[in-house]
Number of protein chains: 2
Amino acid sequence: MVEPPQAEEFIETILSNETARPPGSEQAKDDNRTMAALLNLLGKKHTIVILHQFATGDGPLRFGDLEEAVDIAPNTLSNRLEELTEVGLLTRQAYDEIPPRVEYNATEKAKELAPVFWYLGVWTERHDLEPIATDDD
Amino acid sequence: MVEPPQAEEFIETILSNETARPPGSEQAKDDNRTMAALLNLLGKKHTIVILHQFATGDGPLRFGDLEEAVDIAPNTLSNRLEELTEVGLLTRQAYDEIPPRVEYNATEKAKELAPVFWYLGVWTERHDLEPIATDDD
DNA sequence: CTGAATCCGGTCCGATACTG
DNA sequence: CAGTATCGGACCGGATTCAG
């Protein structure tokens, strides 16, 4: 954790109100649809963990990297990567080499999702979930 | 959206480094376990949307409220509410009346998760997901 | 050798019907 | 109103197999 680079940008976003929209407007409706789609995506198993990997690390990640970091079946991982790529959160670049190499990169869009995971980290430092509970609450 | 009350508190959290921990410490390991458990929970279908409801609204929510707001099967909703309660993110209070009434409230812990959902809203205002894409990227 | 498609078994989720 | 019971279907995990 410790003072991540996102912090400044994050604060900017919070303080600037440039993104506010008239409620009930067309844009607001689009936002709701996007939000629904996003939550639906995040709701799928492992999606969050995968994005978390891209959000915390910074370089490109390969199939094998994720496979061992996330504890996920290869077929499911394949599906998630495809979904995330289709939706524009990841880019996929295949190099025609031997051994073959495929690199996945987070897009700008995905990187701007990073604060979410970073704050999740902050939260985790300050709280526990009950079953593992210690002295919290 | 528009300048949520969480913003100030959020900024405080970002600026104060009080939560930082030595990496590799015992606490850090606990954090990782908690994080894994949290992500695992958030990964389950509808969990995020449900928490989002509690994060945006402020009063208590009843079974029926959620059922119509979230578009979820009652058995699944029942499961989620139980999970979230067990884990200490929600409290459940049943009133012995007719008709019966059960109120769910977000705990402090859950409320401190609100910035996540709020920022998700900010993100949604600034981006789209590809299939619905407009002028983004 | 890596990334991913296929097949199958298990688990989770949705829809409806039903109970206190 | 707030759930539970049941069942069918979608989704996920694991092993194997395939392609480049």
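Computation of the quantities below employed the complete heavy-atom set of this structure, encompassing side-chain atoms and omitting hydrogens, waters and symmetry-equivalent molecules. Below, chains carry the letters A, B, ... as their sequence lines are ordered, and counting in each starts from 1.
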Between [atom2] of [N] and [atom1] of [X], the distance in whole Å:
X	N	atom1	atom2	answer
A/Leu77	C/dT2	CG	C1'	12 Å
A/Ile98	C/dT2	CD1	C1'	11 Å
A/Asn79	C/dG3	CG	P	16 Å
A/Tyr95	C/dC1	OH	C1'	18 Å

Revision key, fill the gap. dist B/Leu90:CG -> B/Leu81:CG (nearest 0.5 Å) comes out at 6.5 Å
Point to revise | Atom pair CG/CG of A/Leu113 and A/Leu38 - distance to nearest 0.5 Å | key: 6.5 Å
Sequence neighbours left out, what passes side chain to side chain donor-acceptor pair (under 3.5 Å) with [X]? Give chain and number order.
X	value
A/Asn79	none
A/Glu97	A/Arg101
A/Glu83	A/Lys44, A/Arg80

**Study point:** Considering all heavy atoms, the nearest B/Lys109-A/Trp123 contact
**Key:** O-NE1, 2.9 Å
**Study point:** Close residues, residues 60-76 of chain A, relative to DNA chain D [heavy-atom separation under 4.0 Å]
**Key:** A/Ala73, A/Asn75, A/Thr76
Practice item. Mind running a 4.0 Å heavy-atom check of residues 39-47 of chain A against DNA chain C and sending the residues that fall below it, in number order? Key: none
Practice item. Specify the residue among A/Asp96 and B/Tyr104 whose closest nucleotide of DNA chain D lies further upstream toward the 5′ end. Key: B/Tyr104
**Study point:** Residues which pass side chain to side chain contact (heavy atoms under 4.5 Å, CB included) with A/Ala94, listed by chain and number, not counting sequence neighbours
**Key:** A/Arg92, A/Val102
Check your understanding: Between which nucleotides of DNA chain D, 5' to 3', does chain B make heavy-atom contacts below 4.0 Å?
Key -> D/dC1 to D/dT6
Practice item. Scan residues 113-124 of chain B for pairs that pass salt bridge (charged side-chain N to carboxylate O under 4.0 Å, His left out), counting only residues two or more places apart or in two chains. Key: none
May I have the list of side-chain donor-acceptor pairs in residues 50-78 of chain A shorter than 3.5 Å, sequence neighbours left out?
| unit_1 | atom_1 | unit_2 | atom_2 | d |
| --- | --- | --- | --- | --- |
| A/Thr56 | OG1 | A/His52 | O | 3.0 |
| A/Thr56 | OG1 | A/Gln53 | O | 3.3 |
| A/Asp65 | OD2 | A/Arg62 | N | 3.0 |

Review point. Does B/Leu41 offer a backbone N or O that forms a donor-acceptor pair with the side chain of B/Thr47 under 3.5 Å?
Key: yes
Review point. Taking atom types as modelled and ignoring hydrogens, do the side chains of B/Thr91 and B/Asn105 form a donor-acceptor contact shorter than 3.5 angstrom?
Key: no
